[in-house]
Amino acid sequence: MKFDAYALKSRIAPAFVSMIVPIMLFNFFFSSPEFAKFVGDVLGAKIFANLTISLVCLYYLSEAGRFVAKHVFERLYFKNETYMPTTDLLMFENDTYSTDYKTRIRQRIKRDFKIQLPTPEEEAADNVIARRRIVETMALVRKKLAKNSLLSQHNTEYGAVRNLIGGSAIGLVFSMINILFFSAVVKNPLAVYISIVTLACYMVIILASRLLLSFYGFNYAKILFREYMGSA
């Protein structure tokens, strides 16, 4: 993973907020100097103490959050992209765009990629196949607009929210471990209280995950079609 603007905003920042914070709390409140040093040096709690180790740690944590987001939340809500906003908006059964606009998008796709997307009759006959054909075509459209700055901005926003959700699921587990540890092993009421707060924050993000992914996904999809239809 390159540590460019996209990586920092959509992967590293969500990983820090959702997973590093509970680790930092554990490291701060656990009184064992040896273990605290281990957590700080190896798990990246002391972000600026060892930059190389911290970056490696952030990389793997960000990948873990991204994996959970894509293979749990996106798969649950969007069913392997077949119900992604970019797919839904092109379906004739969806009334967000007019039939005329969707027809013009199809004509543009046929001109650019020599692909004929499903007609209303084909969509009605086999909804699953129609969605899969749109998913396959959207990959080509995204590739065509890879250098579009406005689309990249919205892609970064969607990626950040998606990875924050995935990281929050992991952060929630870390927070639960902190609560149990500081309640039963090394009693520290303040650590328990703060961990309850972090757990509640991550729970809110997870409960709102469908709404967040849909909102940012539809924003991205609308910009995608707008920029595609306005491109050369």
Side-chain angles (χ1 to χ4, degrees), residues 6 10-11 14 62-169 205-232:
Y6 176 84
S10 69
R11 295 191 182 185
S62 67
E63 285 297 300
R66 182 173 178 270
F67 180 87
V68 172
K70 288 185 69 67
H71 295 279
V72 176
F73 290 96
E74 274 193 347
R75 180 169 292 183
L76 174 65
Y77 299 147
F78 299 142
K79 298 177 176 58
N80 291 326
E81 297 188 35
T82 55
Y83 283 83
M84 288 285 282
T86 47
T87 304
D88 278 342
L89 288 178
L90 276 186
M91 296 291 288
F92 286 105
E93 64 186 16
N94 185 291
D95 60 3
T96 302
Y97 288 146
S98 67
T99 299
D100 176 68
Y101 188 58
K102 284 182 282 193
T103 300
R104 285 192 286 118
I105 293 175
R106 281 167 160 74
Q107 291 172 344
R108 176 67 189 271
I109 287 173
K110 184 177 181 180
R111 189 192 80 185
D112 289 344
F113 308 113
K114 306 297 186 291
I115 295 174
Q116 179 67 57
L117 288 183
T119 64
E121 295 73 24
E122 291 173 328
E123 179 182 306
D126 196 329
N127 189 277
V128 174
I129 294 299
R131 287 181 175 276
R132 287 177 181 169
R133 286 169 62 185
I134 293 174
V135 169
E136 293 164 356
T137 304
M138 284 303 98
L140 300 175
V141 175
R142 287 194 296 270
K143 183 177 180 180
K144 179 179 174 64
L145 297 176
K147 296 182 179 180
N148 185 289
S149 59
L150 183 59
L151 187 63
S152 295
Q153 175 188 331
H154 282 77
N155 184 47
T156 299
E157 291 174 357
Y158 175 80
V161 170
R162 180 197 63 197
N163 295 338
L164 176 63
I165 291 168
S168 293
I205 292 172
I206 292 171
L207 291 175
S209 59
R210 181 188 288 272
L211 177 63
L212 290 169
L213 286 177
S214 295
F215 176 79
Y216 283 94
F218 272 102
N219 280 349
Y220 170 82
K222 289 176 181 178
I223 294 297
L224 175 72
F225 290 124
R226 191 185 76 185
E227 294 299 297
Y228 176 59
M229 293 301 287
S231 63

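Rounded to the nearest 0.5 angstrom, T86 OG1 and I223 CD1 are separated by 13.5 Å. Between atom NE2 of residue H154 and atom OG1 of residue T156 there is a gap of 10.5 Å, rounded to the nearest 0.5 Å. From L212, atom CG reaches atom CG of L207 across 10.5 Å, with rounding to the nearest 0.5 Å. To the nearest 0.5 angstrom, N127 atom CG is 11.0 Å from R132 atom CZ.
A search for side-chain contact (heavy atoms from CB on, under 4.5 Å) contacts involving Q116 returns K110, not counting sequence neighbours. With sequence neighbours excluded, the residues satisfying salt bridge (Lys or Arg N to Asp or Glu O under 4.0 Å) with D112 are R108. Remark: Y97 pairs with Y101 by the ring pair (Phe, Tyr, Trp, His ring centres under 6.0 Å) rule, at least two apart or across chains.
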Would you tabulate the side-chain donor-acceptor contacts of residues 161-169 under 3.5 Å, counting partners in other chains and residues two or more places apart, or write 'none'?
unit_1: N163; atom_1: ND2; unit_2: S10; atom_2: O; d: 2.6
unit_1: N163; atom_1: ND2; unit_2: G159; atom_2: O; d: 3.2
unit_1: S168; atom_1: OG; unit_2: L164; atom_2: O; d: 2.7

Pairs under 3.5 angstrom only: tabulate donor-acceptor contacts from the side chains of residues 137-152 to other protein residues two or more places apart or in another chain.
unit_1: T137; atom_1: OG1; unit_2: R133; atom_2: O; d: 2.9
unit_1: N148; atom_1: OD1; unit_2: L150; atom_2: N; d: 3.1
unit_1: N148; atom_1: OD1; unit_2: L151; atom_2: N; d: 2.8
unit_1: N148; atom_1: ND2; unit_2: E227; atom_2: OE1; d: 2.9
unit_1: S152; atom_1: OG; unit_2: N148; atom_2: O; d: 2.9

Report, one line per pair, each donor and acceptor closer than 3.5 Å where one atom sits in a side chain of residues 64-79; sequence neighbours left out.
unit_1: E74; atom_1: OE2; unit_2: Y158; atom_2: OH; d: 2.5
unit_1: R75; atom_1: NE; unit_2: N80; atom_2: OD1; d: 3.2
unit_1: Y77; atom_1: OH; unit_2: S209; atom_2: OG; d: 2.6

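For A160 against P14, the heavy-atom pair with the smallest separation is O-CG, 3.5 Å. Counting all heavy atoms, side chain and backbone alike, L90 lies closest to I109 at CD1-CD1, 4.4 Å. Closest approach of T82 to V135, counting heavy atoms only: CA-CG2, 3.8 Å.
Legend: salt bridge (charged side-chain N to carboxylate O under 4.0 Å, His left out) pairs involving residues 206-218, not counting sequence neighbours: none detected. Here salt bridge (charged side-chain N to carboxylate O under 4.0 Å, His left out) pairs that include residues 91-100, with residues two or more places apart or in two chains, are E93-R131, D100-R104. Applying the side-chain hydrogen bond (donor to acceptor under 3.5 Å, both in side chains) definition to pairs two or more places apart or across chains, none involves residues 212-226.
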message = Walk me through whether L117 and K102 qualify under side chain to side chain contact (heavy atoms under 4.5 Å, CB included).
response = CA-CA 10 Å; L117 288 183; K102 284 182 282 193; over 6 Å; no
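Residue-environment remark: CZ (R106) exceeds the threshold of 12 foreign heavy atoms within 6.0 Å.
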